[in-house]
Number of protein chains: 2
Amino acid sequence: MSAGHMAVTSPAAAPAAAVPVIVCDTPQDECGVRDVLDRLGDKWSVYVVVELASGIRRFKELQRAIPGGISQRMLTLTVRRLERDGLVKRTVYPTVPPQVEYELTEMGHSLTHLVKALADWSIAHRRAIAASHEAWDAAHPDPEAR
Amino acid sequence: MSAGHMAVTSPAAAPAAAVPVIVCDTPQDECGVRDVLDRLGDKWSVYVVVELASGIRRFKELQRAIPGGISQRMLTLTVRRLERDGLVKRTVYPTVPPQVEYELTEMGHSLTHLVKALADWSIAHRRAIAASHEAWDAAHPDPEAR
DNA sequence: CCGAATCCCATGTGATACTG
DNA sequence: CAGTATCACATGGGATTCGG
C-alpha cells in the first residue's frame, strides 16, 4: 500500500484557471490522499489534533475539551491511533493516581497547517454549500441522500 | 448549524516555530473543519473528486476509473451528496440509452487544491508514518488499535 | 485517574436483482 | 446506460462495568 506518486500539470480540458490536475501512476491508491483521510476522516481525530495544537493535555482534559462529548472508549482508540501514526506523543507518569499527558509531535504540528487550510476552505464556502443544500432539498422533497 | 468562527494567533505555549494555533469561539463545531471532513472523509468522495478533476465523466466512466471497485449503489450515493453540496454538476441527456455526465463545479475545483495539499503532506510523511507504525507494532505485539 | 472489556445499536458498504 | 430496491454484513461508536 501507499506507493503512489503524484504530479501536477496545467489543466488540459479543465474549465477555468490554474486548477491543479491530479495525476497518479498508481490508480490503486489515488496518490495517497486516502492515507491522510483515513487518519483524519474519523469522527474525533481532528478534534484531538486541534486541541493538542494549543499545548499538552491530560486524558481528562482532552475529554472535557472536545466538543460533542467523546466517550472514554473513543478517546482511547483515537489517541492510540494518533500515537501509532507518530502524530501524538504519550507520556505516562507512574504516580498514583496515574497521570498521562498527550502532546503533538513535530509531525503532528505540521498537520495543523493542513487542518487550518481545511478550516479556511470550509469557512469560505460555508454559505455557498448551505445555499446549494437548500436548493437541492427544495428540488428533491423526499429522497434521502442527506 | 455551522456558525463557527476561527482565528489564528502566534503560538503561546507551542513548542517550536510558526505553527498556527487554532482558536474557536464556538467549540461545538470546532471551526467548521468537521464540515469538510464529513464531506471528504467517506470512502469514495475523494476518488470522485480526483477523477473529475481531470474532466467530465459519465457514470460508467467514473465507476471504471475509481480504484477499488465502487459499487453502483455507492457511486450513486456519493455523486448525489457531492451534487447536493454544490461540488459536482450533473447533466442528464434524455437520449436512449440515457446518458449522464458529471463535472466539478467551480467550488468543486477549488477543493482540488485542498486535496493536493493533503496528498503532498501524505507523500512527505509517508515514510515517517510507516516507521512509526513499525516501532509501535513492535512494542505492542497483540493489542488492536490498528 | 486512566483505560480495558463487554454489550448493543446505528450507520456504511457490498451483492444481487430489477426498471425506465 | 443509469439508476432503484432489497437484503446481508462489517464497522463505528455510545453506555456501562470493571481493574490497576
Side-chain angles (χ1 to χ4, degrees), chain A residues 34 37-48 51-52 56-84 88-103 136 139-146, chain B residues 30 34 37-48 51-52 56-85 88-103 136 139-146:
Chain A
R34 175 60 48 203
L37 286 163
D38 284 346
R39 202 162 336 270
L40 294 182
D42 69 2
K43 195 173 178 182
W44 301 109
S45 294
V46 173
Y47 293 88
V48 172
E51 180 60 25
L52 290 183
I56 296 175
R57 294 289 184 276
R58 298 182 52 177
F59 188 89
K60 266 292 184 194
E61 291 176 333
L62 270 179
Q63 190 175 18
R64 274 189 292 261
I66 289 177
I70 186 175
S71 63
Q72 277 192 349
R73 167 188 162 81
M74 290 317 298
L75 183 53
T76 298
L77 288 178
T78 302
V79 292
R80 278 285 180 286
R81 278 194 289 251
L82 292 174
E83 188 195 4
R84 188 172 107 99
V88 162
K89 174 159 163 266
R90 178 173 176 266
T91 309
V92 180
Y93 297 94
T95 61
V96 44
Q99 175 168 346
V100 182
E101 287 184 350
Y102 296 92
E103 62 189 304
W136 198 93
H140 306 266
D142 23 314
E144 287 306 324
R146 320 176 185 176
Chain B
E30 113 291 357
R34 175 58 48 205
L37 286 164
D38 283 346
R39 200 162 337 272
L40 295 182
D42 69 36
K43 194 173 179 181
W44 302 109
S45 294
V46 173
Y47 293 88
V48 172
E51 180 60 25
L52 290 182
I56 296 175
R57 294 288 183 277
R58 298 182 53 174
F59 189 88
K60 265 295 183 194
E61 290 176 332
L62 270 180
Q63 191 175 16
R64 275 189 292 260
I66 290 177
I70 185 174
S71 63
Q72 277 191 348
R73 167 186 163 80
M74 290 316 298
L75 182 53
T76 299
L77 287 177
T78 302
V79 292
R80 278 284 181 287
R81 278 194 288 253
L82 292 173
E83 187 194 5
R84 186 173 110 98
D85 290 337
V88 161
K89 175 161 163 262
R90 177 173 177 268
T91 309
V92 179
Y93 297 94
T95 60
V96 43
Q99 175 167 347
V100 182
E101 286 182 350
Y102 296 91
E103 62 188 306
W136 198 94
H140 306 264
D142 23 314
E144 284 308 322
R146 322 174 185 177

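Bear in mind that the values here come from a model prediction, so they are computed numbers and not experimental data. Lettering of chains follows the sequences in order, A, B, ..., and the numbering in each one begins at 1.
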Could you grab the distance from atom OG1 of B:T78 to atom CD of B:E83, nearest 0.5 Å is fine? 12.5 Å
Return the 5'-most residue of the pair B:Q99, A:M74 with respect to DNA chain D, ranking by each residue's nearest nucleotide. B:Q99
Please round to 10 degrees the angle between the axis of the first five pairs and the axis of the last five pairs in the helix from C:dC1-D:dG20 to C:dG20-D:dC1. 40°
Do A:L77 and A:M74 have side-chain heavy atoms sitting under 4.5 Å apart? yes
For atom CG of A:L77 and atom P of C:dT6, their distance in whole Å: 14 Å
Taking only the side-chain nitrogens and oxygens of B:K60, find out if one of them lies under 4.0 Å from OP1 or OP2 of D:dG3. no
To the nearest angstrom, how far is B:I70 atom CD1 from C:dG14 atom C1'? 11 Å
Grab the CH2-C1' distance between B:W44 and C:dG12 for me, whole Å please. 12 Å
Please give, in whole Å, the distance from C:dA10 C1' to B:D42 CG? 17 Å
Side-chain N or O of B:K43 versus OP1/OP2 of D:dT11: is the shortest distance under 4.0 Å? no
How close or far is atom P of C:dC2 from atom CD of A:E83, stated in whole angstroms? 15 Å
Between CD on residue A:E51 and CD on residue A:Q63, distance to nearest 0.5 Å: 12.5 Å
In whole angstroms, the gap separating P of D:dC1 from CD of B:E101 amounts to 15 Å
Quick check: do A:W136 and B:D85 have side-chain heavy atoms less than 4.5 Å from each other? no
Hey, does B:R73 reach any base, or is it just sugar-phosphate, or nothing, if we go heavy atoms under 4.0 Å? base
B:R80 vs D:dT4: side-chain N/O to OP1/OP2 distance below 4.0 Å: yes
Within the 4.0 Å heavy-atom criterion, would you say B:Y102 contacts the bases, only the backbone, or no part of the nucleic acid? sugar-phosphate
Could you tell me if the side chain of A:R73 sits less than 4.5 Å from the side chain of A:T76, heavy atoms only? no
List the residues meeting salt bridge (Lys or Arg N to Asp or Glu O under 4.0 Å) with A:E103, not counting sequence neighbours, and say none if there are none. A:K89
Could you please name the option among C:dG14, C:dA4, D:dA2 that lies closest to any side-chain atom of B:F59? D:dA2
Report the relative orientation of the aromatic rings in B:Y47 and B:W44; use parallel for angles under 30°, tilted for 30 to 60°, perpendicular for over 60°. tilted
pair B:R81-B:R39: side-chain heavy atoms closer than 4.5 Å: no
Identify which nucleotide among C:dA4, D:dA2, C:dC1 has an atom closest to any side-chain atom of A:Q72, counting heavy atoms from C-beta outward. C:dA4
Output yes when at least one side-chain N/O atom of B:R58 is less than 4.0 Å from OP1 or OP2 of D:dC1, else no. no
What is the distance, rounded to the nearest whole Å, between atom CG of B:L75 and atom P of C:dA15? 14 Å
Take atom CZ of B:R90 and atom P of D:dC1, then tell me their distance rounded to the nearest Å. 16 Å
Can you check whether B:R64 has a side-chain N or O nearer than 4.0 Å to OP1 or OP2 of D:dA2? no
